[in-house]
Amino acid sequence: GPRHGNGPRPRGGGGGSAPDVVLASLADRAVASVGETILFRYEARLGSSAPATKVVLTVERPSNTELISTKVNRGSGCTGTRTITCDLDF
């Protein structure tokens, strides 16, 4: 699918060997008309056996869009409406 222009930026680490966090950013369509919904999906996967803690995913929402909701399946969730910050734990 189309890639989001302002892709996710990972931050994290707590010292020692850095875990391998793999990120993907997809949108369900490249173009939408006013009033249509575009689903942006950001996936973070742990690509190694090293544990990952304090992983933060930060996404800049396009200025001509409205945030409807965020959802995470790990960690404490997301905050923000223009700059969206999600705390994740693996």
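Quantities reported herein were computed from a predicted structural model and do not represent experimental measurements. Side chains are part of it too, since the values below use all heavy atoms of this structure and drop only hydrogens, waters and symmetry mates.
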Task: Contact summary for Thr70 and Cys78, nearest pair of heavy atoms - done: OG1-CB, 3.6 Å
Task: Pairing residues for Arg74 by the side-chain hydrogen bond (donor to acceptor under 3.5 Å, both in side chains) criterion, not counting sequence neighbours - done: none
TODO: Go through Thr79 and Ile84 one step at a time and tell me if the side chain to side chain contact (heavy atoms under 4.5 Å, CB included) criterion holds.
DONE: CA-CA 6 Å; Thr79 59; Ile84 303 158; over 6 Å; no
TODO: For Glu66, look at atom CD and say whether over 12 heavy atoms of other residues, nucleotides or ligands are found less than 6.0 Å away.
DONE: no
- [ ] Could you walk me through whether Leu57 and Thr85 pass side chain to side chain contact (heavy atoms under 4.5 Å, CB included), step by step?
- [x] CA-CA 6 Å; Leu57 176 70; Thr85 302; over 6 Å; no
- [ ] Could you pull out all residues at least two apart from Thr65 that satisfy side-chain hydrogen bond (donor to acceptor under 3.5 Å, both in side chains)?
- [x] Arg61
TODO: Kindly determine whether Val59 and Tyr42 satisfy side chain to side chain contact (heavy atoms under 4.5 Å, CB included), including the steps that lead there.
DONE: CA-CA 9 Å; Val59 177; Tyr42 301 93; 3.3 Å; yes
- [ ] First locate atom CG of Leu88, then atom CG of Asn73, and finally report the distance between them rounded to the nearest 0.5 Å.
- [x] 8.5 Å
Open item on the list: Under a 3.5 Å distance rule, please check whether Asp28 uses its side chain to pair with a backbone N or O of Leu39 as donor and acceptor.
Closed with: yes
Open item on the list: Measuring from atom OG of Ser25 to atom CD of Glu43, what distance do you get when rounded to the nearest 0.5 angstrom?
Closed with: 9.5 Å
Open item on the list: Quick check: do Thr83 and Thr58 have side-chain heavy atoms less than 4.5 Å from each other?
Closed with: yes
Task: Worked check of side chain to side chain contact (heavy atoms under 4.5 Å, CB included) between Asp20 and Leu46 - done: CA-CA 6 Å; Asp20 180 20; Leu46 190 56; 5.8 Å; no
Task: Shortest non-hydrogen contact from Val72 toward Gly77 - done: CG2-CA, 3.5 Å
